[in-house]
There are 2 protein chains.
Amino acid sequence: MTDRTQKGGGRGAPADEPAGSIGRKGNVRTIADLARLAGVSGATVSRALNDSPLVNERTRRRIQELASRHRFRLNARARQLRLRKTDTVCVILLIDEEAGQGLSDPFLLELLGGIADRLSARGYDLLLSRAEPGADWWEEVLHPRRFDGAIIFGQACEHRRLNALADAGAPFVVWGGRLPDQHYASVGSDNLGGGQAATRHLIEQGCRRIGFLGDLAFPEAALRWEGYRLALEEAGLPLDEALYRPTRFSGESAVRATRDLIESAQPFDGLVAASDVIALGAIRALEQAGRAVPGDVAVVGYDDIPLAAYVHPSLTTVRQDVAAGGRALVDLLLSRIETPPARTAPASQQADGQEPPHVILPTRLIVRQSSRRDGAFTPRMPDDADASGPVGHD
Amino acid sequence: MTDRTQKGGGRGAPADEPAGSIGRKGNVRTIADLARLAGVSGATVSRALNDSPLVNERTRRRIQELASRHRFRLNARARQLRLRKTDTVCVILLIDEEAGQGLSDPFLLELLGGIADRLSARGYDLLLSRAEPGADWWEEVLHPRRFDGAIIFGQACEHRRLNALADAGAPFVVWGGRLPDQHYASVGSDNLGGGQAATRHLIEQGCRRIGFLGDLAFPEAALRWEGYRLALEEAGLPLDEALYRPTRFSGESAVRATRDLIESAQPFDGLVAASDVIALGAIRALEQAGRAVPGDVAVVGYDDIPLAAYVHPSLTTVRQDVAAGGRALVDLLLSRIETPPARTAPASQQADGQEPPHVILPTRLIVRQSSRRDGAFTPRMPDDADASGPVGHD
DNA sequence: TTCAGCATTGCAATCGATTAAATTCGACGC
DNA sequence: GCGTCGAATTTAATCGATTGCAATGCTGAA
């Protein structure tokens, strides 16, 4: 034991911090230290700090005041060990480097920010973890030791694994679309509605042959495709699979896909892209090929990344409410953690009771230049009219 | 206690996992469980798992094999409590919402990815924390309980506070520029060199009146400005402060600043932007005002965000090696954590011994369309020539 | 006066892993 | 045959906070 701790509390009352430095106020690091100062036992201090009704109110206030004066903070590790709880949520980024949606997609960072804010508001820490789809990332989700639950990105890579984890009762939620045979909770934007709105908009702008760029292996992209399909259907337009090009979430992939589409000699006058990054790549490829946007081809993206408004032409896109998304992910996970599902059921049967929860966030179509064909779409940008060149409206 | 743990180990030897589900292999959650299975004491198990030479090699191998068979993992919380170490690094995003560089800057996410990778490679967890500049985020940096050290973003907001923390011996490193009176360790790209290279490039392209967009309150921007100044000086060009516009790290702020510059009627033919996001905002404002890029005004950005190559015109910019940045931040911090500075010195004097370490990462100028004035800069984009319209080169 | 009843507070076990010190046990030298 | 040495292992204390139970002291009723 450290005997250096002074006994007489009276004289030792620490003076105000020395000016210009960050004071330490002695070394009140443990409950025992504080207990000594307060002249009570550690148990009482613990109870006081946790607002237990078992301690006298005056005592409690005295201890709390003492604690804050000395900047005392509980040792989270010890507390977590004792309570068998970590107050930590792990955000797992299952990122397939080859699939393109690396950490570069700005959208992801925004969502992460929303999650961080919500978690801290609810008193949880955020553990960030990158993992590769094939690896053993799931082991700790099944038996978490460093966290109470997980928020997972990368649904597409591991749908079956996620189902198995959910069947085993692991506490997690997933960002992404809702799949037909899905046993786990998830949160995602209204991908179907968004894709539909984007496509309808292009149709309203006069597009008749609209292509789709996205990777249907990603559930979110697949749902956007489904919306695209519905919009075509309701407008009585044919669905031409020749206008689909599988495209990963990267600019480069989008450029390749678009070039491919152009070279296929299939006529098209509109493009629905599964992300803004894809849309920008597509626009680049179109312009390089001498096709004007939106004159020859109108383009709609997805995500409304911060840059979408500042590129040229500015990007029509589907906005997702990322802050709401972060909040929903956290709240859904914590509701699962803090009120565990009926313990009597052997977890493996938990799935067949009812549908796992899925939160759908509303989306909003943001119309900008890349899709506008009303002729007067660029009052402040005479360049554009010129750039559209010889192309008439439809 | 859970009595369900079966005693007889023989018959209970868990069979292979039932197909289609994720097996649990009994409940080997603690060292004590494993010790029981192995027929030794917990101490021996602990030593075996930590490769202590004190245990017989055969015993060690047997225990390790048993542990991996049962997917046993140590309880990190307990270990950390005992060892008074957390094996965790906290990344603190000090973000002034009003300053614009929110979580939206794609650059930040990439850097974060690099940090995550390096930390996990070195066996550390990454705790992510957002904080507001004015708040009490620094308290836990001074006396960390949940982490061993911190990586801090947001130097500008809190330079003095950071100095005070460093004086008090807090374990952290900062991403940003090197400031004159800086007591803390930091990592940043070669802002001065980068700014200089960007400016030189514009001069080579024939620009003579070059503006600068950035917020000099941010050290990184200030250093880029310094490079800008040097490049002008070495070219014998005058430094005209009328061509500087304070600009925060957001597209919107860049649009405003650029409009302001245009309306000031100051002639200018080049712009150095402190970030790609700023550059894109500037290009947008220029085009809205009828000035062609790069024809009338050549523009250089900074960061080389993934989209820089896919916008129109594609963006000339200064690339930072973010992966190396992440690695450097982590390695510098861990070297400080794992070999603490001479304990005898009372920390407060530690600063005046020698300069705190600062890692400067090399930068590379990536030349794309937004600055090229060689006449043949868009072989594949005939549009551009049209778009420039009536404006001659220079 | 005595004692039940209540409000406070203290004691001690506990969470799970680590490690100094003590113990066991077999081999070996004299 | 006996003491010693050393390798291998066990025992028990420890990290810091929580909490069931016991203990304390005080009030008021019998």
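Protein chains get the first letters and strands the later ones, always in sequence-line order, with residue 1 at the start of each.
- As rounded to whole Å, 16 Å separates atom P of dG16(C) from atom CG of Leu83(B).
- The CZ-C1' distance, from Arg77(A) to dT14(D), rounds to 18 Å in whole Å.
- Not one side-chain nitrogen or oxygen of Ser46(B) sits closer than 4.0 Å to the OP1 or OP2 atom of dG16(C).
- Using a 4.0 Å heavy-atom criterion, one finds that Val40(B) contacts the sugar-phosphate atoms exclusively.
- Leu126(A) CG to Ile151(A) CD1: the interatomic distance, rounded to the nearest 0.5 Å, is 7.5 Å.
- Whole-Å rounding puts the Leu74(B) CG to dC15(D) C1' distance at 16 Å.
- Each salt bridge (Lys or Arg N to Asp or Glu O under 4.0 Å) pair with one or both residues in residues 43-57 of chain B, not counting sequence neighbours, appears once here: Asp51(B)-Arg60(B), Glu57(B)-Arg61(B).
- His159(B) and Tyr184(B) have their aromatic ring centers within a separation under 6.0 angstrom.
- Atom NZ in Lys85(A) sits 3.0 Å away from atom OH in Tyr124(A) (nearest 0.5 Å).
- Proximity of Arg84(B) to the phosphate of dG16(D): a side-chain N or O atom is located under 4.0 Å from OP1 or OP2.
- Between dT18(D) and Arg79(A), a contact under 4.0 Å exists linking OP1 or OP2 to a side-chain N or O.
- The nucleotide whose nearest atom lies closest to any side-chain atom of Ile31(A) is, among dT19(D), dT18(D), dG16(D), dT18(D).
- Out of dT9(C), dT18(C), dT10(D), the shortest distance to the side chain of Arg82(B) is found at dT18(C).
- Annotation: proximity of residues 48-65 of chain B to DNA chain C (heavy atom, distance under 4.0 Å) is found for Asn50(B), numbered in ascending order.
- Of the candidates dC11(C), dA17(D), dT10(D), dT10(D) carries the atom nearest the Thr44(B) side chain, counting heavy atoms from C-beta on.
- Ranking dA17(C), dG10(C), dA12(D) by closeness to the Thr30(B) side chain, first place goes to dA17(C).
- Along DNA chain C, the nucleotide nearest to Arg47(B) and the one nearest to Ala76(B) differ in position, and the one closer to the 5' end is contacted by Ala76(B).
- Here the side chain of Ala43(B) is nearest to one of dG16(C), dT11(D), dT19(D), namely dT11(D).
- Within 4.0 Å of Leu81(A), counting heavy atoms only, lies at least one base atom of the nucleic acid.
- In Arg73(A), the CZ atom is not crowded: 12 or fewer heavy atoms of neighbouring residues, nucleotides or ligands sit closer than 6.0 Å.
- Rounded to an integer number of Å, the gap from CZ of Arg36(A) to P of dG16(D) is 11 Å.
- For the pair Asn50(B)/Arg79(B), a side-chain contact is recorded, criterion being any heavy-atom separation below 4.5 Å from C-beta on.
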